[in-house]
Visitor: 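First the structure, which I've put down as structure tokens, then a few questions once you've had a look.
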Amino acid sequence: MVTVADLLAVDGLALRALGGPTGTALRWVATSELDDPTPFLEGGELLLTTGLRVAGATAPGGGDWPGWVAGLARAGVAAVGFGVGLGHREVPAGLVAAGHELGVGVLEVPPPTPFIAISRAVADLLQRGEQAADTAALQTVRELTREAGGAAAAPRVLRRLAAAVGGVAWLL
């Protein structure tokens, strides 16, 4: 599982967590400037935006960030990566507060960090996670095969299988 915290640890991105959880699982990255991007999301995304089109985002007081984040929370968005330097000099305080209140992480994306670099980093992290899972599965198969040889193999295989699945295995 790749988390927001894993992404924050990637060298060179200079992302900064401002509010909300960082242990949330990331499934992918989406970029949108829509007032309501939720019809195009599946959940688990890091939503990247510069906030240019969010209703009232440039108005004094910061717009309807609580309503916007509430929609993202219902859609299962893991976090919002807010690019500063184009439409906003800093991440709006209303967005940070709404993210904290509604359990959606809020990250600051500094001007020199391109959104595509963040997408690549998440893809790399996901690929490494899949490779690690494949390696662990192959190791488990090897161990089960080794335990299956010789006399009284069934108890050894059951113990190894139970350990592999983190539960109990029975031979019926």
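Quick note: residue numbers are just sequence positions, from 1. Note that the coordinates shown come from a computational prediction; the quantities given were computed from them, not determined experimentally.
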Visitor: Following the transitive rule for hydrophobic clusters with a side-chain heavy-atom cut-off under 4.5 Å over Ile, Leu, Val, Met, Phe, Trp and Tyr, establish whether L72 and V96 coincide in one cluster.
Guide: yes
Visitor: In this structure, would L95 and V77 fall into the same cluster of hydrophobic residues linked by side-chain contacts under 4.5 Å?
Guide: yes
Visitor: Between the side chain of R89 and the main-chain N/O of G85, is any donor-acceptor distance below 3.5 Å?
Guide: no
Visitor: Between P111 and V84, what is the shortest heavy-atom contact and its length?
Guide: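 Minimum heavy-atom separation between P111 and V84: CG-O, 3.5 Å.
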Visitor: Which pair of heavy atoms, one from A79 and one from V104, lies closest together, and at what distance?
Guide: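 Answer, listing the atom of A79 first, then V104: CA-CG1, 4.0 Å.
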Visitor: When you group the ILVMFWY residues by side-chain heavy-atom contacts below 4.5 Å and let the links chain together, are V106 and L8 in the same group?
Guide: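 Different clusters.
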Visitor: Could you report the tightest heavy-atom contact between L171 and A154, atom names first, then the distance?
Guide: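 Heavy-atom minimum between the residues: CD2-CB, 3.9 Å.
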Visitor: Main chain of T38, side chain of R74: is a donor-acceptor contact present, judged purely on distance under 3.5 Å?
Guide: no
Visitor: So, taking the atom named OG1 in T50 and the one named CZ in F115, what distance separates them when rounded to the nearest 0.5 Å?
Guide: 6.0 Å
Visitor: Please round to the nearest 0.5 Å and tell me the distance separating atom CG of L15 and atom CD1 of I118.
Guide: 5.0 Å
Visitor: Salt bridge or not for E45 and R27, using N-O below 4.0 Å?
Guide: no
Visitor: Decide, yes or no, whether a salt bridge links E147 with R160 under the criterion of side-chain N to carboxylate O below 4.0 Å.
Guide: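 No, E147 and R160 are not salt-bridged.
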Visitor: How far apart are the C-alpha atoms of W68 and T49, what are their side-chain angles, what is the distance that settles it, and do they pass the side chain to side chain contact (heavy atoms under 4.5 Å, CB included) test?
Guide: CA-CA 12 Å; W68 190 71; T49 188; 3.9 Å; yes
Visitor: I need the L138 CG to E143 CD distance, nearest 0.5 Å.
Guide: 10.0 Å
Visitor: Any chance you could measure T24, atom OG1, to M1, atom CE, to the nearest 0.5 Å?
Guide: 8.5 Å
Visitor: I'd like to know if W65 and L47 are part of one continuous hydrophobic network [Ile/Leu/Val/Met/Phe/Trp/Tyr, side-chain heavy atoms within less than 4.5 Å].
Guide: yes
Visitor: Restricting to non-hydrogen atoms, name the atom on L13 and the atom on T113 that form the minimum distance, rounded to 0.1 Å.
Guide: O-OG1, 2.6 Å
Visitor: So do R120 and I116 actually touch side chain to side chain, heavy atoms under 4.5 Å?
Guide: yes
Visitor: Show the nearest heavy-atom pair for residues A98 and P66, with the distance to one decimal.
Guide: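 Minimum heavy-atom contact is CB-CA, 3.7 Å.
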Visitor: To the nearest 0.5 angstrom, please state how far the CG atom of L18 sits from the CZ atom of F82.
Guide: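 Output value for this atom pair is 10.5 Å.
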Visitor: Nearest 0.5 Å, please: how far is OG1 in T22 from CG in L107?
Guide: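 Those atoms lie 9.0 Å apart.
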Visitor: Testing the basics here: between A123 and W28, what is the closest heavy-atom pair and its distance to 0.1 Å?
Guide: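 Closest approach of A123 to W28, heavy atoms only: CB-CH2, 4.2 Å.
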Visitor: How far apart are the C-alpha atoms of L46 and L7, what are their side-chain angles, what is the distance that settles it, and do they pass the side chain to side chain contact (heavy atoms under 4.5 Å, CB included) test?
Guide: CA-CA 10 Å; L46 168 65; L7 180 62; 3.5 Å; yes
Visitor: Please answer: with hydrophobic residues joined when any side-chain heavy atoms are less than 4.5 Å apart, are L41 and V69 in the same cluster?
Guide: yes
